[in-house]
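Take a look at the structure set out below.
Atoms considered below: every heavy atom in the structure, side chains included; atoms not considered: hydrogens, waters and symmetry mates. Order of the sequence lines fixes the chain letters, A, B, ..., with proteins taken first and strands second; residue numbering starts at 1 for each chain. Remember, predicted model here, so these are calculated numbers, not experimental data.
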Amino acid sequence: MLAPNREGWLCRCSCKLVFPVSCSLVKLLEETRQWWFINSKLQAVASRVAEEMGVKLGEEVGYTIRFEDVTNTDKTVVKFLTDGVLLREMMDDPLLSKYSVIMVDEAHERSISTDILLGLLRKIQRRRPDLRLIISSATIEAKSMASFFRSSKRHQEAGATDLGPSKEPAILSVEGRGFNVEIHYVEEPVPDYVQAAVSTVLLIHDQEPAGDILVFLTGQDDIDAAVRLLTEEVQSHGKKSHGLIVLPLFSGLPRADQDLVFSPTPRGKRKVVISTNIAETSLTMEGVVYVVDSGFSKQRFYNPISDIENLVVAPISKASARQRAGRAGRVRPGKCYRLYTEEYFVKQMSSEGIPEIQRSKLVSCVIQLKALGIDNILGFKWPASPSSEAMIRALEVLYSLGVLDDDAKLTSPVGFQVAEIPLDPMISKMILASDQLGCAEEILTIAAALSIQSIWVSGRGMQKELDEAKLRFAAAEGDHVTFLNVYKGFLQSGKSSDWCRRNFVNAHAMKKVIEIRAQLKRIAQRLGIVLKSCESDMTVLRKAVTAGFFANACRLEAYGHNGMYKTVRGSQEVYIHPSSVLFRVNPKWVVYHSLVSTDRQYMQNVITIEPSWLPEAAPHFYQQRQLGPSIH
DNA sequence: GAGCACTGC
């Protein structure tokens, strides 16, 4: 019935309309200290609702998240799920016929899944006049949300099929609740927001009454710098900074360090948490009374021309700024210090951020829509349309993978199978290829490892040790085979976290690899993929990788170019990333998993291939002549 | 010899 996906769903709206128990939801969210995973919050809320209704969790009230389905087909009447899970359900049941009411929460956050979901719901309204929709969104977006669904109604009236009038969805506008937060701006623009943040923290500490401080910066670099400056201050003269406890917070930080942020502040002390955006929505700290907002965050941008996704530091939106400020008013009235001018806020800051769908590659998104039976992708009505260049890019990739045919329809069986696997289509294609090549056991591990950020601990400050640890697992074939070695070692250690620590492997990441691999194994078995091991035959394994990633093939330039590669298709200059085990090895032909661009384009996760495999893997994509005379 | 906002299936 409900489709919430973020912390704080329902908590700020009056939703008597939906639920007589909403008041207890509010109470629950205030009491819930399980801030860690959003999913555990969803779980906690479902469990509390079950309790309020006097039923057992998993019966009348249940929840479904990626790795957990706690529902009962015969009994469950209220179900909590993430938007991604609901989209997966739609593949089997496009009209969502088993639901009579769907509430989409936090629609204003505009994640890709939410946008796809809204577009689809708008579409199925016509076929499901009985379906009641409730969209909960920030006030600022409520109008555009309403008009998005209204325009669909006009469309329906003009349409040929007349299935009776459909009710318009109820749009609930939600407002941040909490105590009043006093906003302060700087008089003049600051030249260096890290330095400005540090000074502001010291000023607050010096002049304001007790209460913790939360500082929003952009990433680990900024955070390390600010922590260092503040720590030096604490250690040197101490007077201005006496009693300050300085703590960094970002997702790559080891769990134990993150936990420090949530330990109670000792009497007479003041905690300063220097954080990324993780503290903006994903988790909540009690005791914060002062917020320092740099006005920037790291955001993903995608350039469809170069086909490169990038993380860049960019100004935040007014909506983000308000969200950040709100973090100061959770326990009592607070103060927010914005490190930008009021004029800038009023006149230059955009009111909403750019929706994720306009900043991302669309390959996964397009295949999902195709699998949902949306044939005319370019005509799909979005809450915010992605660029047609990005769409076309995605269609090209899917066509080259053999997932779409000449009419841009899903191919059978490959297209449908790739859509079934909840990963990047290039990874999914690699898994399918591994079936014929007889190396699915290994490829599933590689697929899981490629699906997470990094299996290594975040390396700053212990680079040498991390490099040495990597060497213990390094494989001549490249990073993919190195993953296999790490995975083997991890299993042999009995999944020991001590083993992880000794080998600079991220234990939390390995846990995720295990979970994802288990899920992939279930799906693979459903698809009839034989889980065969290739033992020590790395050739078939490299061929399977090539079958998915042939579009990322690169050739080393002649000597004297210092490890410069060129992509076979686009002749783009690329280099092997120094974190790769093939860095400085520079084999002649490689395929990479992803590009990261800084001063150069760096290939991350690289494996050696034979060029003759390329036309085999994708004959329409690589004709022999393109590969030039160097194939032997 | 470099740099990893944050989710999600």
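Between A:Arg584 and A:Arg359, it is A:Arg584 whose nearest contact on DNA chain B lies nearer the 5' terminus. If you find the closest nucleotide of DNA chain B to A:Lys512 and to A:Ser597, the one lying nearer the 5' end belongs to A:Ser597.
Checking B:dC4, B:dA2, B:dC9 against every side-chain atom of A:Pro422, the shortest atom distance belongs to B:dC9. The nucleotide whose nearest atom lies closest to any side-chain atom of A:Leu311 is, among B:dG1, B:dC4, B:dC9, B:dC4. Distance from the side chain of A:Thr82 is smallest for B:dC9 among the nucleotides B:dC9, B:dC6, B:dA2. For A:Gln453, whose side chain is taken as the heavy atoms from C-beta onward, the closest listed nucleotide among B:dC9, B:dT7, B:dG1 is B:dT7. Side-chain proximity of A:Gln519 to the nucleotides B:dC9, B:dC4, B:dT7 is greatest for B:dC9. Residue A:Phe250 has its side chain nearest to B:dC6 when only B:dC6, B:dC9, B:dA2 are considered.
In this structure, A:Asn277 places its CG atom 8 Å from P of B:dC6, rounding to the nearest Å. Between the CD1 atom of A:Ile516 and the P atom of B:dC9 there is a distance of 10 Å, rounded to whole Å. Atoms NE2 (A:His593) and C1' (B:dC4) sit 14 Å apart, rounded to a whole Å. The separation between A:Ile112 atom CD1 and B:dC9 atom P is 14 Å, rounded to whole Å. Computed from coordinates, the A:Glu280 CD to B:dC6 P distance equals 12 Å when rounded to whole Å. In this structure, CE of A:Met603 is placed 17 Å from C1' of B:dG3, rounded to the nearest angstrom. Whole-Å rounding puts the A:Asn562 CG to B:dG1 P distance at 8 Å. As rounded to whole Å, 25 Å separates atom P of B:dA5 from atom CZ of A:Arg110.
Counting heavy atoms from C-beta outward, A:Leu133 and A:Arg122 have side chains that stay 4.5 Å or more apart. No side-chain heavy atom of A:Cys500 sits under 4.5 Å from any side-chain heavy atom of A:Asn506. Annotation: side chain of A:Phe416 is not in contact with side chain of A:Thr411 (no heavy-atom distance under 4.5 Å).
Checked against the 6.0 Å centroid threshold, A:Phe296 and A:Tyr193 count as a close aromatic pair. The aromatic ring centres of A:His577 and A:Phe583 sit 6.0 Å or more apart.
Remark: the A:Tyr99 side chain and the A:Asp93 side chain contain no N/O donor-acceptor pair separated by less than 3.5 Å.
In this structure, A:Val313 reaches neither bases nor backbone, as no heavy-atom distance under 4.0 Å exists between it and the strands shown. When heavy atoms are screened at a 4.0 angstrom cut-off, A:Asp467 is found touching base atoms of the nucleic acid. Among the atoms of the strands shown, base atoms are found under 4.0 Å from some heavy atom of A:Arg300. Residue contacts for A:Ser113: at a heavy-atom cut-off of 4.0 Å it reaches no nucleic acid atom on any strand shown. Residue A:Ser251 is in sugar-phosphate contact alone, with no base atom involved, counting any heavy-atom pair closer than 4.0 Å across all strands shown.
Base orientation at B:dC4 is syn, since its O4'-C1' glycosidic dihedral falls within 90° of 0.
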